[in-house]
Structures are given as C-alpha cells and as structure tokens.
Amino acid sequence: MSRKTPQAIRGTQDIFGADAEAFAFVVETFERVRRLYRFRRVEMPVFEKTEVFARSLGETTDVVSKEMYSFEDRGGESLTLRPEFTAGIARAFLTNGWQQYAPLKVATHGPLFRYERPQKGRYRQFHQIDAEVIGAGEPQADVELLAMADQLLKELGIHDVTLHLNTLGDAASREAWRAALIEYFLGVKDQLSEESQERLEKNPLRILDSKDPRDKPFLADAPKIDAFLSEEASAFFAAVTSGLDAAGVKWVRAESLVRGLDYYRHTAFEFIPDEGSASAAALGSQSTVLGGGRYDGLMESLGGAPTPAVGWAAGIERLAMLVGAREVEALQVAVIVEDDSLVSMGISANSALRQAGMSSELVAAGSPRKRYDKGSKLGASAIVVYSLVDGHPDIRMKSVDDDLAERIKGVVYDSPE
RNA sequence: GCGAUCGUAGCUCAGUUGGUUAGAGCGCCGGUUUGUGGUACCGGAGGUCGCGGGUUCGAACCCCGUCGAUCGCCCCA
C-alpha cells in the first residue's frame, strides 16, 4: 500500500463489476418504467443555495444542522450538496415557471450527499431514483405514483417487499394527533427510554417507531391518527386505498409510519421487506427500500403559491443489493492473433465485428503461445484465430452458435483488406 | 457523536502457547508441452504483516494510541 496514494472519502464508493451491472440494471429499469407512466425526465443541479434545503426541511432539525454537506463558495454564499431531490425540484418548479405544465410528472436519478456515518446501505454519497407529481391534489396522483413504484419493484424481480401505507391527514388532523401523542407519552415519560424522552420534545411522532424494548409496551395503546382525521382527510385516504386495490397494488396499513418533516400531509408510505425474507436479510437494519409521501406544504415554505405534490425516492444501492450481483453480458467473439505479422488483420477484423454489432475482444499481446489460452478464457461464443501456417496467413473460426458463425463469416471473410 | 468487530501479496485468506530467511490459492509475467473451447507442467515478480509507540532476548501474534474498514445505535429528508 503506497503511502502516497490518497484515500477515497469516507462513505463514498467505487462501484465495479457485478455490483455496477446491478446498479445499471436498476437505473435502466427505472428509465423504462418511468416512460410507461409518462413521467418526464429532469436533470437537476447537484448543489443549491443552502437556503433551498434549510427552508424546505425546517431550520431546527438535526438533519439541517449536522447531516448536510454545506460550504461557502468564493463569494461567501452558503451552498449545499443536495441531500434529496424534492427541494431542488420544487425550487426549479417555482423559478422556471413550470406551473404552466401542471400537473407535472417528473423523474430523475443521480447522486445525493448526506454527512452520515456509513453503514450497510448508507453512504455519504449515495444514489437515488426519484419520481414526483407536482400540482395534482387528487388521490389519483398518489395511486399512479404508487402503482409505478410497485411495477418497478416487480420488474426488478423484487417480490418480497410490501407497501406500508399511512395517512397523516391534513394540517389540522396532524396537529391534533401530535398533541394527543405528546399528552399520552408525557403520562408515561419516566418509563420511556432516554432517547424517547428526548424525542418527546423534538419529534414526538418518532417515538412510534422506537426500537427500544422499554418503549414498545406503550406503543400499542398510543393514540391513532384515525381518531383525529377530518372527514375530508378520511375520504382522501379511502380514495387512495381503493385506487390501489383497483390498480392491483398490495398494501398494508401502517399506523405508526410517520414523516419527520412538517410539510407532509395525507399519504405517507414505505416499501419494506417482508419479515424473514431474503430482502430483509440483504438490507440489514436499513429496511426501507422506497419511501415518500404527499408534501402539500412544501412549495409555500419556498415562497411559492400553495401547490399540492406527492413523490417518492428509492436508494439505487439498496435496490441493487436486492437485485443481486449481475454478470456482464457474455462476449460474442474473441479475435486471437498468434503471429505478430498478422496484427493489423486482427485489428481490422475486430473493428469490423464491432461495427457489425457484435461484441468482440482482440488478443494480440503477450507470449504468442499463450494467446490461444488467454483468448479462450474470455468465454466468447466464437473464436477467430489468425496464425501463420507454412509461412502463410491462416484464419480459423470456431463457434458454438451457428447464427453467430454466419454473421462472423460475413464480416471477417468479406472485409476488404 | 457513541459502541462492537476487524486491518497479513493485486484479490480471497492461512500463519500452532510470542521463536530463525512470512505462506497458499487465484490473478499477473515468462518458459515448456507443434498444443486449438477454458482444466497440464516449470519458473518469476510482488509484503517495512494499516501506521506510531510500548512490553520482551525475540512481536504478524501481547499492551496503548492512531488511521481506515465493516456492522449497529442516534438520525433518517
């Protein structure tokens, strides 16, 4: 290990080989499915004014103060590497007048940055796919978005995850529920874990998904959102669930599923591996594969007109773990040159094969005697060998695939020298 | 920020209660087999055992520190 080589930044990854193939498979599948649902592609900046994220997330949270990659540029302006897509898309929607396209369905993917301690399925630079519907307040938008997520997971071959669904109601319902939770947990405060006692002040909803055994006894009897839902909020949720049923999307109710941020309204959801499944084992403690919700309050926090919106995002690395290692596509042709005087013949054959749409590798270096071995190890369906027989150039071809053999003959034997 | 486990060739790993010049497989390079669909044989390069200190006659091994990795807690947009 050379002392001079700089190390990669903590929490960044160099993805290669089968893992990189799995990553690409996730992105390609997402791109294909997103077209089926007519989501339009957007490309966003990787960094924004810190304000964009601070205002949308809420200034107070740990998330803003500790988990963002922020820095000053040369003009002294505070910038931040995007920790999520939603805030930047909302900003673009407002600054570019995309209201004219509403309701707007957009999709994107790329790197995101969060200053966190790396662990299984969590990195400082990680990658997500993302889909948003902006300017659509009706429950059908939630249904469409969730149907797309469900289809994506199935097309990725992931069948052991389930949609966990909840509603947070409208702003009034949500506040009433929150107040009731605080009151309830205050009553048993002494018996809660230290973490949850702190959460009581900062983020009471989060007590509901505490992992601490000391908290669990109190969770079952905690107030439920359903008791606080307004008539409209109930109707909205009912429309979402019946729409999902109609679309054939399986779901389970998750009464304790919450969102930390204030701008979330109504639908909140996560796709989570089924207990004991292969996917659950593959993900370790990072169980959520895809998550999102309705964020009707966000646009206002960025100074825009009230605009309903709903979206989700999913970690590409986590999806790639569930998809499993994928091998590179098999090589079709290995071109082996066993005598250096024939190298240019090999080069032109290799080149002609590729231009004719066949994947090809040239083996013309190293010990001539070992080239055949080296070439055959590439695992190609066909091998083309250039060698010298009695001082004359000789071409031989072997193939396990007759159609491929014909295609090769058409290219290699007819190519102008 | 906290905790646990781990750091030996390019890769995956051995290394006996501390004992001489630190090993294997794979990969890489070269040679042999006049070989032709992966599998043979021989040889070679490549390691201050993460780094720094300590204990000891002697440390890859024991102790302390440090850096890094992994997994978990907190947090999770």
Side-chain angles (χ1 to χ4, degrees), chain A residues 1-3 5-13 16-17 52-58 60-69 80-90 112-124 126 128 130 132 193-196 198-199 202-203 205-206 209-212 257-264 268 270 283-288 291-293 295 298 301 311-315 318 331 333-334 336 338 363 365-390 394 396-401:
Chain A
M1 200 64 62
S2 168
R3 199 176 288 171
T5 305
Q7 292 167 326
I9 304 300
R10 182 197 294 273
T12 61
Q13 341 164 55
F16 176 75
V52 169
F53 305 111
R55 281 173 60 180
S56 70
L57 297 170
T60 60
T61 54
D62 272 18
V63 163
V64 169
S65 55
K66 292 154 97 174
E67 313 277 347
M68 297 204 309
Y69 263 100
T80 295
L81 300 179
R82 64 184 181 195
E84 59 158 8
F85 282 113
T86 308
I89 290 174
L112 302 172
F113 305 83
R114 296 179 185 174
Y115 200 96
E116 297 186 289
R117 194 82 179 217
Q119 53 183 287
K120 193 180 186 73
R122 294 184 80 169
Y123 306 94
R124 288 189 173 180
F126 60 106
Q128 285 189 341
D130 181 276
E132 316 274 351
S193 66
E194 298 78 28
E195 283 88 5
S196 286
E198 234 176 276
R199 282 192 272 244
K202 287 182 173 172
N203 205 346
L205 305 202
R206 280 275 161 202
D209 48 29
S210 169
K211 292 169 189 165
D212 197 299
L257 187 117
V258 296
R259 304 273 86 160
L261 303 179
D262 290 338
Y263 59 63
Y264 280 102
E270 293 179 359
L283 286 175
S285 71
Q286 308 305 319
S287 53
T288 301
Y295 52 94
L298 174 62
S301 70
W312 56 250
R318 289 188 196 174
L331 175 64
V333 191
I336 299 167
E338 294 197 298
V363 180
S367 166
R369 292 178 172 224
K370 295 220 161 147
R371 288 181 197 170
Y372 191 87
D373 259 1
K374 209 193 264 183
S376 60
K377 277 188 187 173
L378 293 174
S381 302
I383 289 181
V384 176
V385 185
Y386 287 83
S387 58
L388 228 42
V389 175
D390 301 330
D394 179 66
R396 274 163 300 149
M397 193 255 294
K398 288 206 165 188
S399 177
V400 295
D401 176 338

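Note on naming: letters A, B, ... go to the chains in the order of the sequence lines (proteins, then strands), and numbering restarts at 1 for each one.
Across all non-hydrogen atoms, the minimal contact from A:L298 to A:S56 is CD1-CB, 3.2 Å. Between A:A268 and A:R259 the shortest heavy-atom distance is CB-CG, 3.9 Å. When all heavy atoms are compared, the tightest approach of A:P83 to A:M68 is CG-SD, 4.0 Å. Residues A:R10 and A:R124 share a closest heavy-atom pair of O-CD, 3.2 Å.
Atom CG of A:N203 is separated from atom C1' of B:rA77 by 12 Å (rounded to the nearest Å). Between A:Y123 atom OH and B:rA77 atom P there is a gap of 19 Å when expressed in whole angstrom units. Rounded to whole angstrom, the span from the CG atom of A:L205 across to the P atom of B:rC76 amounts to 10 Å. The separation between A:D209 atom CG and B:rC74 atom C1' is 13 Å, rounded to whole Å. Look at CZ on A:R124: it is 18 Å from P on B:rC75, rounded to the nearest Å. Counting to the nearest Å, the C1' atom of B:rC71 and the CD atom of A:Q286 are 10 Å from each other. The distance from atom CD of A:Q13 to atom P of B:rA69 is 12 Å, rounded to the nearest whole Å. Regarding A:K66, its NZ atom lies at a distance of 16 Å from the C1' atom of B:rA77, rounded to whole Å.
Backbone-only engagement by A:K374 is indicated by non-hydrogen atom pairs under 4.0 Å involving sugar-phosphate atoms exclusively. As judged by a 4.0 angstrom heavy-atom cut-off over every strand, A:Q119 is placed among the base-contacting residues. Among the protein residues, A:R114 comes within range of the nucleic acid bases, having at least one heavy atom under 4.0 Å from a base atom. Using a 4.0 Å heavy-atom distance criterion, A:Y264 is classed as a sugar-phosphate-only contact. Across all strands, A:R199 comes closer than 4.0 Å only to sugar-phosphate atoms, never to a base (heavy-atom distances).
Side-chain N/O atoms of A:K120 include none lying less than 4.0 angstrom from OP1 or OP2 on B:rU70. Put simply, A:R206 has no side-chain N or O that comes within less than 4.0 Å of OP1 or OP2 on B:rC75.
Ring orientation note: the planes of A:Y69 and A:F113 are nearly perpendicular, at an angle over 60° on the 30°/60° scale.
Every pair tested for side-chain hydrogen bond (donor to acceptor under 3.5 Å, both in side chains) that includes a residue from residues 372-385 of chain A fails, sequence neighbours excluded, so the list is empty.
Nearest to the side chain of A:S367, among B:rG31, B:rA77, B:rC76, sits B:rG31.
Here, B:rG47 and B:rC11 have their C1' atoms 14 Å apart, quoted to the whole Å. If you take atom C1' in B:rA14 and the same atom in B:rG43, they sit 24 Å apart, rounded to whole Å. With P as the reference atom, B:rC41 and B:rC26 are 9 Å apart, rounded to whole Å. For the P atoms, the distance linking B:rG68 with B:rG25 amounts to 35 Å, nearest Å. Comparing the P positions of B:rU55 and B:rC2 gives an interatomic distance of 30 Å, to the nearest angstrom. Between the C1' atoms of B:rA60 and B:rG1, the separation comes to 33 Å (whole Å). The separation of B:rU20 from B:rA59, taken at their P atoms, amounts to 11 Å, rounded to a whole angstrom. On the C1' atoms, B:rA4 is 38 Å away from B:rC28, given to the nearest whole Å.
RNA chain B contains the following stems of three or more consecutive Watson-Crick or G-U pairs, with both distances under 3.5 Å: B:1-7 with B:67-73, B:10-13 with B:23-26, B:28-32 with B:40-44, B:50-54 with B:62-66.
Ranked by how close their nearest RNA chain B nucleotide is to the 5' end, A:F113 and A:S285 are led by A:S285. Of the two residues near RNA chain B, A:A8 and A:D212, the one whose nearest nucleotide lies more 5' is A:A8.
In this structure, OG1 in A:T80 is found 10.0 Å from CG in A:L57, a value given to the nearest 0.5 Å. Within the model, atoms CD of A:E116 and OH of A:Y123 stand 12.5 Å from one another, a figure rounded to the nearest 0.5 Å.
Paired with A:V333 under the rule side chain to side chain contact (heavy atoms under 4.5 Å, CB included), one option of A:I383, A:L378, A:V384 passes, and it is A:V384.
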Which atom pairs link the protein and nucleotides 1-4 of chain B when you take only N or O atoms and keep those under 3.5 Å?
none

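Side-chain contact between A:R318 and A:Q128 is absent, with no heavy atoms from C-beta onward closer than 4.5 Å. A:F53 is listed as a side-chain neighbour of A:R82, based on a closest heavy-atom distance under 4.5 Å.
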Summarise how protein sits on nucleotides 32-41 of chain B as a single string, 5' to 3': B when a protein heavy atom is under 4.0 Å from the base, S for sugar-phosphate-only contact, - for no contact. SS--BBBS--
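Take A:E195 and apply the side-chain hydrogen bond (donor to acceptor under 3.5 Å, both in side chains) test, not counting sequence neighbours, and it matches no residue. With sequence neighbours left out, the side-chain hydrogen bond (donor to acceptor under 3.5 Å, both in side chains) criterion links A:S193 to A:S196, A:D215.
Checked by atom type and distance alone, the side chain of A:R114 never pairs as donor or acceptor with a backbone atom of A:E67 at under 3.5 Å.
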